[in-house]
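One structure is given here, and the rest of the page talks about it.
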Amino acid sequence: MARYNAKESERIWQSVWDGKQSFRAENNSTKPKAYVLEMFPYPSGRIHMGHVRNYTMGDVIARFRRAQGHNVLHPMGWDAFGLPAENAAREKGVHPRAWTYANIAAMRGQLKQMGLAIDWSREFATCDEAYYARQQKLFLDFFRVGLVYRAEADVNWDPVDHTVLANEQVIDGRGWRSGAIVERRKLSQWFFKITSFADDLIGALDGLSRWPEKVRIMQKNWIGRSEGMRFSFALRGAREPAIEVFSTRADTLFGASFVALSPDHPLVQNLAARDPKLAAFVAECRRLGTAEEAIETAEKLGYDTGLRAVHPFDDSWELPVYVANFVLMGYGTGAIFGCPAHDQRDLDFARKYTLPVLPVVVPESADASTFAVGNEAYTGPGRLANSRFLDGMDVESAKAEMATRMEGKGTGTRTVNYRLRDWLVSRQRYWGCPIPVVHCAACGIVPVPEKDLPVVLPEDVRFDVPGNPLELHPTWKQIKCPSCSADARRETDTFDTFVDSSWYFARFADTEAEAPVNKDAADYWLPVDQYIGGVEHAVLHLLYARFFTRAMHRAGHVSVDEPFAGLFTQGMVCHETYKDQDGNWVEPADIEKRSDGAVRKGTGAPIAVGPSEKMSKSKKNVVAPEAIIDTFGADTIRWFMLSDTPPERDIEWTQEGAEGCWRFVQRIHRLVGEAANLPPVGTPIGQIDGAALELRRATHRAIDAVTDDLANLRFNRAVARIYELANAIGTAGDTDGAVRREALETIVLLSAPMMPHLAETNWQRLGHSVLIVESPWPKADAMLVRRDTIKIGVQVNGKLRGEIEVAPDAEKALVEGMVMNLDSVQRDLSDKQFVKFVYVPGRVANVVAKIA
RNA sequence: GGCCCCGUGGUGGAAUGGUAGACACACCGGACUUAAAAUCCGUAGUUCCGAAAGGGACGUGCCCGUUCGAGUCGGGCCGGGGCCA
């Protein structure tokens with residue numbers, strides 16, 4: 001019999017599905033809807049194993065839901081704006097547009113080779129004018145409803161590349177590309193008011209029951225809600241206004257030993273204007289950049305302004321006012337009071353500048369008169385001490401008392417503060433969506449009128465000089481003010497690419513719509529029922545998309561607040577690492593494994609095998625999906641990605657594993673091919689017993705288990721159940737024809753979402769004229785899933801002593817009789833005294849006895 | 001430092017508080033073959049007793065607890081990873 005020709009078969013079925021438009025989603029359907037979405041790829045040029053794993057999982061769910069009778073939306077698009085295209089332009093002289101679309105074409109071809117059940121009619125790229133034009137319209141709508149503003153902000157500025165850098169692009173204080181020392185600069189930037197939804201973005205997390213707990217916690221931490229007090233310190237004998245601070249620990253106010261201002265605090269700016277030393281200190285602080293991690297780990301440095309602050313509860317108590325590098329302008333008010341005994345950063349600072357460290361919270365176990373703080377601040381619970389009217393209270397009561405007193409005097413207010421900052425969306429780059437705004441000397445900021453949209457990127461830009469090509473373009477930014485017609489200047493910033501990916505799922509509902517989002521279609525499809533992607537997007541992308549959905553709701557584009565009802569974060573794809581004797585990384589393709597170890601192909605030089613790590617170019621432990629698909633076909637690589645390892649964990653790619661998958665593909669093909677004399681399709685099953693009945697039971701148990709496993713994304717278990725059915729078919733041998741047909745049809749149907757081409761081929765070989773993608777999911781017969789008799793373990797005092805076979809509903813007394821008659825039980829009980837008999841129906845029987 | 005996740009054979013991993021190791025990979029033995037590949041059959045946690053058939057003990061990172069019964073639940077450690085500091 002001919003072996004299964006995967007290449008040939010896959011090509012054929014892909015073109016059949018394509019010709020029949022098998023995976024088109026209907027916007028009008030009476031079927032239940034299922035929106036299955038994987039995070040869309042950046043068009044880097046070729047797909048990698050991570051894509052294969054991600055899209056295979058999504059495809060299995062999409063095909064499974066389709067077979068179960070759902071109207072499935074499973075689309076694909078391209079997250080196509082971004083810096084790599086500009087880098088390619090600088091390095092290779094190719095235009096970002098040409099580079100990007102060529103990459104998309106190449107990757108589309110590779111994804112199609114995977115045989116994904118995608119509605120390609122809805123495909124788009126975020127760099128398509130049709131898409132970013134609508135994004136500009138959304139921006140104007142957000143502007144209209146008050147969710148957009150422009151403000152000065154601290155940014156990481158690369159003085160060589162003339163651009164703003166994200167925190168992740170600053171490495172050891174230097175620009176990741178130029179290597180120049182990054183400066184902190186104040187620039188006018190565009191912001192989305194994500195903080196106005198902060199409370200709701202936290203509160204709604206509890207309702208996302210089909211999200212991983214881990215992601216919900218990460219988002220909660222990221223938003224960082226904290227309750228505290230806002231109050232002021234007056235300055236003694238100074239003209240300057242009082243310093244307003246925010247603190248979550250107002251209970252420790254009597255332990256205060258200094259007040260500290262952010263280097264970016266307005267008061268500091270004023271003081272620095274007439275104090276060159278302070279100005280120099282501020283400049284020094286700015287060199288740290290804006291990354292919190294850098295600020296946290298840097299040495300705590302301060303500058304004594306000479307000002308003296310007055311304690312809010314004691315007019316005679318003065319505190320020094322410092323400028324400190326660890327105080328962030330963006331958090332709270334940009335000013336704090338320092339209580340060294342109960343805050344580690346304050347303690348580090350106090351030790352450096354020899355300021356008092358007075359404990360005011362004493363743990364229950366310690367003695368208030370002797371309790372002292374060494375090099376570790378005490379942040380735990382306890383009783384207040386050295387704190388006048390707060391003495392003896394616990395921390396929570398003291399906070400409440402402080403709040404009541406301050407609010408009573410009108411000197412402070414309870415405030416909720418967030419770690420989350422508003423979203424800075426402007427980037428000084430070319431390959432992004434232009435922000436549709438005009439700057440006019442007379443009118444200020446003027447949104448581009450909708451009739452003038454889209455603001456299209458110019459094609460004739462140069463990348464041979466540093467800086468923003470839009471800024472450098474000779475004419476593009478010159479425009480008349482839409483409001484007063486005077487000469488004005490176009491905004492040359494483009495959007496952060498996270499904006500592009502914050503609403504694409506809503507566009508998929510209707511990619512032809514004139515409006516950014518077809519509300520009726522979006523109301524039908526949203527929320528996404530199952531979203532799948534890498535955990536690295538747990539915070540930013542998923543938080544931005546949740547914000548955007550709320551903003552779109554407010555602007556009238558959608559009716560939901562949450563974009564993704566179900567979220568699944570899949571693990572990475574790993575591979576062993578290899579090094580030669582000189583310590584150079586070696587690619588898996590150059591390795592040959594022998595019984596005595598790994599060697600380099602050709603030369604036979606010894607190779608050291610290292611641990612399995614995430615596939616990365618730098619470690620050369622990358623296996624190209626194309627090569628695998630070329631050798632074994634798409635079904636084999638898909639089957640591998642689903643087998644053995646639970647989907648949320650990291651999977652290790654191995655050549656042996658891939659070969660094992662390939663053998664199973666062939667085995668199914670052979671099982672179907674070897675099945676001689678099958679009765680025609682639809683032949684009813686008559687009276688059966690013995691091996692035929694056993695096979696039939698195995699078939700229906702497989703349906704039952706695989707259905708449940710796929711519904712819960714337990715792909716590895718579903719795979720194991722299919723192997724079991726294959727083993728059962730092999731064991732059963734040449735039994736009743738109709739039963740064998742049922743078993744074979746079942747294994748083909750159950751494996752179809754995972755190995756769709758193989759399934760289609762064998763479905764046809766079994767005599768079906770309807771495609772398997774148009775065939776319904778099998779149903780398990782409960783009578784056959786249930787067992788007539790079951791084997792249960794017999795224990796004495798919890799130790800296994802034997803096994804008996806009983807009916808699932810056998811009476812306890814009957815089971816007890818059987819158990820007590822077992823020789824092994826009798827032997828064990830010979831020196832013991834019977835106490836009681838425990839029987840868990842269908843599970844276990846346990847004789848409890850004590851030593852006589 | 002805080003919070004969260006994980007720790008099971010040579011390997012990936014199964015296991016609603018109920019017979020630990022399903023299923024797969026690798027290894028080994030056998031059949032088929034001139035040979036190899038492919039395929040099929042088989043053994044396989046550790047250890048002890050036994051010629052064998054069998055039988056016993058131990059076993060899910062470590063310790064303690066709850067329970068008739070713990071990989072699973074609780075407490076405390078150790079190790080690995082993640083997030084936030």
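Small disclaimer: the values here were computed from a predicted structure and weren't measured.
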Which whole number of Å gives the distance between the [atom1] atom of [N] and that of [M]?
N	M	atom1	value
G82(B)	G30(B)	P	47 Å
G13(B)	C23(B)	C1'	9 Å
U72(B)	A14(B)	C1'	13 Å
A20(B)	U8(B)	C1'	8 Å
G79(B)	U43(B)	P	42 Å
C41(B)	A53(B)	C1'	22 Å
C6(B)	G17(B)	P	14 Å
U16(B)	C68(B)	P	23 Å

Distance, rounded to the nearest Å, where [X] contributes [atom1] and [N] contributes [atom2]:
X	N	atom1	atom2	answer
Arg721(A)	A14(B)	CZ	C1'	7 Å
Asn846(A)	G17(B)	CG	P	18 Å
His669(A)	U39(B)	NE2	P	14 Å
Phe664(A)	C23(B)	CZ	C1'	10 Å
Ile792(A)	U19(B)	CD1	P	10 Å
Glu659(A)	A24(B)	CD	P	17 Å
Leu750(A)	C23(B)	CG	C1'	15 Å
Glu648(A)	G82(B)	CD	C1'	14 Å

Query raised in the report: Does the pair Val794(A) and Ile804(A) meet the rule for a side chain to side chain contact (heavy atoms under 4.5 Å, CB included), with working shown?
Result: CA-CA 7 Å; Val794(A) 175; Ile804(A) 56 172; 3.9 Å; yes
Among the candidates [options], find the nucleotide nearest to the side-chain atoms of [X].
X	options	answer
Lys791(A)	U19(B), A22(B), C25(B)	U19(B)
Arg649(A)	G18(B), A24(B), G7(B)	G7(B)
Gln795(A)	G18(B), C23(B), C40(B)	G18(B)
Val844(A)	C23(B), U19(B), A14(B)	U19(B)
Trp222(A)	C84(B), C23(B), G69(B)	C84(B)
Asp644(A)	A24(B), C40(B), A26(B)	A24(B)
Pro646(A)	A24(B), A14(B), C40(B)	A14(B)
Ile217(A)	C23(B), U19(B), C4(B)	C4(B)
Val848(A)	C83(B), C68(B), G13(B)	C68(B)

Please round to the nearest 0.5 Å and tell me the distance separating atom [atom1] of [X] and atom [atom2] of [Y].
X	Y	atom1	atom2	result
His700(A)	Leu725(A)	NE2	CG	10.5 Å
Glu674(A)	His669(A)	CD	NE2	10.5 Å
Asp644(A)	Ile651(A)	CG	CD1	7.0 Å

Query - Bracket string, RNA chain B, 5' to 3' - pairs by Watson-Crick or G-U geometry under 3.5 Å, | interstrand - result: (((((((..(((.....[....)))..((((.......))))..(((((....)))))..(((((..]....)))))))))))).
Requested in this report: Test Arg649(A) against Gln570(A) for side chain to side chain donor-acceptor pair (under 3.5 Å), laying out the working first.
Outcome: CA-CA 7 Å; Arg649(A) 287 201 210 167; Gln570(A) 102 263 10; over 6 Å; no
**Report entry** Most 5' of Ile790(A) and Val847(A) on RNA chain B, judged by nearest nucleotide
**Finding:** Ile790(A)
**Report entry** 5'-most by nearest nucleotide on RNA chain B - Met218(A) or Gln666(A)
**Finding:** Gln666(A)
Query raised in the report: Looking for any heavy atom pair under 4.0 Å, which part of the strands does Ser643(A) touch: base, sugar-phosphate only, or nothing?
Result: nothing
Query raised in the report: What is the nucleic acid contact for Glu803(A), judged by heavy atoms within less than 4.0 Å: base, sugar-phosphate only, or nothing?
Result: base
Could you go through nucleotides 54-61 of chain B and list every protein N or O atom that sits under 3.5 Å from one of its N or O atoms, giving the distance for each pair?
residue : atom : partner   : partner atom : Å
A57(B)  : OP1  : Arg801(A) : NH2          : 3.4

Query - Check ion pair Arg740(A)-Asp734(A) (N to O, under 4.0 angstrom) - result: yes
Report task. State plainly whether the residues Lys799(A) and Asp828(A) are in salt-bridge range, i.e. N to O under 4.0 Å. Result -> no
Requested in this report: Could you walk me through whether Tyr4(A) and Ser9(A) pass side chain to side chain contact (heavy atoms under 4.5 Å, CB included), step by step?
Outcome: CA-CA 8 Å; Tyr4(A) 175 60; Ser9(A) 185; 3.2 Å; yes
Requested in this report: Examine the side chains of Arg801(A) and Asn846(A) and answer whether a donor and an acceptor come within less than 3.5 Å of each other.
Outcome: no
Requested in this report: For G9(B), decide between syn and anti, treating a glycosidic angle within 90° of 0 as syn.
Outcome: syn
**Report entry** Any donor-acceptor N/O pair, Asn762(A) side chain to Val748(A) backbone, under 3.5 Å
**Finding:** no
Report task. Could you tell me if the ring centre of Phe326(A) sits under 6.0 Å from that of Phe349(A)? Result -> yes
Query - His541(A)/Glu536(A) under side chain to side chain contact (heavy atoms under 4.5 Å, CB included): CA gap, chis, key distance, verdict - result: CA-CA 9 Å; His541(A) 163 58; Glu536(A) 65 273 20; over 6 Å; no
Query raised in the report: So, is Asn716(A) close to the A22(B) phosphate, meaning a side-chain N or O under 4.0 Å from OP1 or OP2?
Result: no
Query raised in the report: Is a donor-acceptor pair below 3.5 Å formed from side chain Asn221(A) to base C84(B), judging by atom type as modelled?
Result: no
